[in-house]
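Below: the structure, in structure tokens.
Just so it is clear, the structure is predicted and the values come from calculations on it, not from any experiment. Start at 1 with the first residue, then count along the sequence. Note that these values count all heavy atoms, side chains included, but never hydrogens, waters or copies made by symmetry.
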Amino acid sequence: MALLSVANLVFSFGDRHLLDGVNLTVSAGEHVGLVGRNGCGKSTLLKLIAGLESNKPDAGQVQLARGSTAGYLRQDHHFEPGKTLREEAGSAFAELAELHRKLDETAHQMGEADGEAMDRLLKRYERLEHEMQAAGGYAVDHKIDETLHGLGLDDAVFKVKCGDLSGGQKGRLALAKLLLSEPDILLLDEPTNHLDIAGREWLEGFLRSYTGGVILISHDRWLLDRVVSKIYELEAGQMVEFPGNYEKFRQLRAERIEDQRRAFEKQQTKIKHEQSFIDRYRAGQRSKQAQGREKRLERYIRDESLAPPVELDTMKLSLEPKVRSGDQVVVSEGLAVAYETRTLFDGFTLTIKRGDRIGVIGPNGAGKSTLIRVLLGEQDPTAGQSKLGAQVDVGWYRQTHEHLDMGQSIVEYLRKFVPSGTEQEARDLAGAFLFSGNDSEKPLASLSGGERSRAVLAGLMTCGHNLLVLDEPTNHLDIPSAERLEEALRRYNAAQKKFSTTGAGGGEGTLILITHDRMLLEHLVDQLLIFDGAGHVQHFLGTYSEYLEQAQAGSVLVDANAAANDKKPNQGQQRQDTKPPKRQEKAKKAQPASSGGKAKRKAKKNNAFGGLAVEQLEAKIEALEAKVAEVEQQLADPDTYRDHAKFSELQRSHEKLKAELEPLETEWASRA
């Protein structure tokens with residue numbers, strides 16, 4: 001049964017048809033992706049579905065199944081400034097909060113009632129408690145905390161007033177409230193914008209198990225690949241449907257465009273052949289035949305002419321080092337950065353060699369950018385030293401654009417990067433990055449995040465740096481532009497046969513990539529620096545997917561210091577075999593068959609109760625159940641309601657015990 005139906009939807013801005021006969025259906029439990037270039041109308045479509053767009057559609061209709069609800073992730077967040085973050089998250093359960101209030105009020109009245117009044121209040125209390133349990137009951141607090149923690153909001157910010165939250169915290173709070181409300185269909189517009197990798201992984205797991213419908217707009221290709229089973233592409237105002245995940249979509253879309261290209265070329269050949277005959281015999285004995293064929297050709301072009309296949313415009317990006325760096329690009333030893341109350345990292349030692357492809361991952365605020373500044377000599381460490389190698393030329397794409405002169409136009413900004421320094425060459429460069437005509441005259445301050453990112457990448461491209469440091473380069477890029485950047489970086493890192501120190505040839509570039517874009521990591525890097533947010537940095541030799549496999553199996557990851565030239569790790573830190581990935585794979589294959597069971601047992605120990613035997617789990621469950629029964633017995637005593645303070649304390653105890661019991665029962669059930 002269709003949960004949502006969009007039929008022949010038309011929506012215009014002035015003379016432009018943003019949506020021109022859009023059709024879309026989502027069934028119950030179906031998760032679909034919505035893709036298309038920036039500005040094509042994806043967000044407008046979601047707002048129209050949610051009923052939030054101030055303008056109504058020009059034509060067509062949106063229908064939700066009777067009794068169904070749609071929840072839209074708004075980009076403008078309206079929270080009560082005086083509420084705490086935790087209170088605002090709890091407002092997703094407004095109905096349940098009202099039941100709690102009524103339950104407390106009833107309990108208070110029971111403390112002063114007797115006889116028939118007490119009987120009526122007892123019945124009302126039982127009914128309210130039944131309704132409360134049906135709405136989530138005492139498990140709601142655990143659910144709220146789990147969702148907030150999953151999205152990277154820890155207990156330290158629970159009591160912060162909404163008016164004092166950062167933009168990123170507000171974005172995550174808005175997402176948490178929407179997920180907690182559990183609408184029949186989720187309308188998610190870039191839900192990963194403020195999430196680090198851990199948050200994205202949690203969201204991925206949540207969506208995969210979500211029983212309602214989902215429409216997901218996202219530039220996160222990894223998320224799309226693992227969450228959706230169908231993709232709709234909005235193209236020139238119309239919708240094209242593709243079955244499968246994102247990788248399948250890429251394959252099917254390429255095949256579709258190739259089929260369209262062949263059909264178009266075949267038709268053009270036929271038209272040219274017919275036109276040639278008409279031109280040749282327009283005058284002479286066969287002129288009547290030529291005139292007849294000309295009329296048929298006109299009708300054919302009018303009624304059956306095919307348009308050329310639509311290709312998305314993407315920036316023309318080519319990154320090539322002009323000068324070859326020395327073999328050692330960065331040499332650092334014993335680096336530490338510490339503040340009064342916090343250590344970002346300590347005893348960090350790393351040597352980066354020419355051609356290395358290093359990904360840097362970890363929670364927001366863990367110190368990733370700080371480490372890079374120290375490695376490049378832009379910030380003094382608390383301890384240790386770092387040095388750049390010979391002929392290293394650093395190009396740094398920064399996550400924020402505070403270093404830019406926002407008053408400059410795009411052309412003015414790019415003139416300092418082009419070799420000739422001429423305005424025309426700067427305009428040509430701007431055009432290659434999709435700034436055509438008057439767009440190149442726009443001041444940097446007026447640009448969107450994606451436009452400003454393209455301008456900075458345009459300047460970076462022309463400089464020929466042999467060490468590129470990219471800090472969240474795909475944050476504001478649409479998917480085609482992100483894939484174009486990925487291709488350019490892959491070529492940038494490829495080893496070249498010829499080198500020149502005079503700038504005449506290319507060289508293998510060195511890449512340091514700080515990103516939450518898991519697909520970009522998977523396709524570009526072969527080693528990782530992993531920040532845990534608690535002052536530790538680990539160095540893993542392998543791809544992102546290999547890291548995930550070992551992390552899920554409970555393997556110990558190598559410490560950054562142990563990986564550098566086989567140096568001895570610092571005290572209190574663990575060390576792992578630092579063989580290259582292929583040697584690690586051979587070592588895995590050489591292990592006895594029973595090693596899989598060991599890995600599973602080790603993985604179980606990673607969760608809160610995995611190290612407990614089944615008997616120990618059962619004992620804990622029985623003990624908690626006994627405590628729950630004892631509290632419920634006291635709650636059933638009418639005398640309890642006459643002591644409001646005691647009643648409230650018992651309620652809190654009951655809620656806490658239930659929250660402790662739930663994960664234990666889940667673990668026990670998983671072993672059954």
**Q.** Atom of S369, atom of D471 and distance for their closest heavy-atom approach
**A.** OG-OD2, 2.9 Å

Q) Do other residues, nucleotides or ligands put more than 12 heavy atoms under 6.0 Å from K248 NZ? A) no

Q: Measure across L624 and E660 and return the closest heavy-atom pair with its distance rounded to 0.1 Å.
A: CD2-OE1, 3.5 Å

(Q) For the CG atom of D145 and the CG atom of L153, what is their distance to the nearest 0.5 Å? (A) 11.0 Å

Q. Under the side-chain contact (heavy atoms from CB on, under 4.5 Å) criterion, do Y246 and I479 qualify, and how do the steps go?
A. CA-CA 11 Å; Y246 182 74; I479 288 179; 2.8 Å; yes

**Q.** ring pair (Phe, Tyr, Trp, His ring centres under 6.0 Å) pairs, two or more places apart, involving residues 155-188
**A.** H149-F158

**Q.** From R256, R37, K42, residue fulfilling salt bridge (charged side-chain N to carboxylate O under 4.0 Å, His left out) relative to E235
**A.** R256

(Q) Using side-chain contact (heavy atoms from CB on, under 4.5 Å), reason through L45 and I217 one step at a time and then give a plain yes or no. (A) CA-CA 11 Å; L45 176 58; I217 299 174; over 6 Å; no

Q | Sub-4.5 Å side-chain heavy-atom contact between R518 and E201 | A | yes

Q.
Could you check whether any side-chain N or O of K161 sits under 3.5 Å from a backbone N or O of P81, counting only pairs where one atom can act as donor and the other as acceptor?
A. no

Q.
Within the structure provided, determine whether L457 and L477 are in side-chain contact (heavy-atom separation under 4.5 Å).
A. yes

(Q) Just so I know, are the side chains of V35 and L224 near enough to count as touching, which here means a heavy-atom distance under 4.5 Å? (A) yes

Q. Roughly how far apart are D164 CG and K159 NZ, rounded to 0.5 Å?
A. 15.0 Å

**Q.** Any side-chain heavy-atom pair of L489 and L470 under 4.5 Å
**A.** yes

Q: For the residue pair V228 and F249, establish whether any side-chain heavy-atom pair is separated by less than 4.5 Å.
A: no

**Q.** Approximate separation, where rounding is to 0.5 Å, of D526 CG and F540 CZ
**A.** 11.0 Å

(Q) I need the minimum non-hydrogen distance between L64 and A70, along with the two atoms involved. (A) CD1-CB, 3.9 Å

Q: Check whether any side-chain N or O of H31 sits under 3.5 Å from a backbone N or O of L216 as a donor-acceptor pair, and report yes or no.
A: no

Q) Can you tell me how far CZ of R172 sits from CG of L165, rounded to the nearest 0.5 angstrom? A) 9.5 Å

Q: List the steps, then state whether side-chain hydrogen bond (donor to acceptor under 3.5 Å, both in side chains) holds for N364 with D196.
A: CA-CA 6 Å; N364 292 328; D196 58 19; 4.7 Å; no

Q: Evaluate the side-chain contact (heavy atoms from CB on, under 4.5 Å) criterion for residues L541 and E546: first the C-alpha distance (whole Å), next the side-chain angles of each, then the deciding distance (0.1 Å), finally the verdict.
A: CA-CA 9 Å; L541 298 176; E546 288 170 339; over 6 Å; no

(Q) For I215 versus L34, what's the shortest heavy-atom pair and its separation? (A) CG2-CB, 4.3 Å

Q. Can you tell which of E486, E247, H523, E522 makes a side chain to side chain donor-acceptor pair (under 3.5 Å) with R221?
A. E486

What pairs of donor and acceptor atoms, side-chain ones from residues 186-194 against any protein atom, are under 3.5 angstrom apart with sequence neighbours left out?
| from | atom 1 | to | atom 2 | distance (Å) |
| --- | --- | --- | --- | --- |
| D189 | OD2 | S43 | OG | 2.5 |
| E190 | OE1 | H219 | N | 3.2 |
| E190 | OE2 | H219 | N | 3.3 |
| E190 | OE2 | H219 | NE2 | 3.4 |

Q | Minimum side-chain heavy-atom gap L371-F531 below 4.5 Å | A | yes

Q | Distance, nearest 0.5 Å, that separates CD1 of I197 from CD1 of I530 | A | 9.5 Å

Q | Pairs flagged by side chain to side chain donor-acceptor pair (under 3.5 Å) wherever residues 175-188 is involved - sequence neighbours left out | A | T69-D184, E88-K177, S91-K177, K143-E182

Q) Quick one: does V6's side chain get under 4.5 Å of M239's, heavy atoms only? A) no

Q) What class does the angle between the rings of F206 and W202 fall in, given that below 30° is parallel, 30 to 60° is tilted and above 60° is perpendicular? A) parallel

Q. Can you tell me if N245 uses its side chain to pair, donor with acceptor, with the backbone of S229 under 3.5 Å?
A. no

Q. Between A366 and L344, which heavy-atom pair has the shortest distance, and what is it?
A. O-CD2, 3.6 Å

Q | L24/L9 under side-chain contact (heavy atoms from CB on, under 4.5 Å): CA gap, chis, key distance, verdict | A | CA-CA 9 Å; L24 175 149; L9 202 67; over 6 Å; no

Q) So which heavy atom on T25 is nearest to which on K230, and how close? A) O-NZ, 4.2 Å

Q. Would you say the side chain of L148 lies within less than 4.5 Å of the side chain of D155, judging by non-hydrogen atoms?
A. no

(Q) How long is the straight-line distance from CG of L85 back to CG of L173, given to the nearest 0.5 Å? (A) 4.5 Å

Q: State plainly whether the residues E204 and R200 are in salt-bridge range, i.e. N to O under 4.0 Å.
A: no

Q.
Does atom CD (E241) have a neighbourhood of more than 12 heavy atoms from anything else shown, all under 6.0 Å?
A. yes

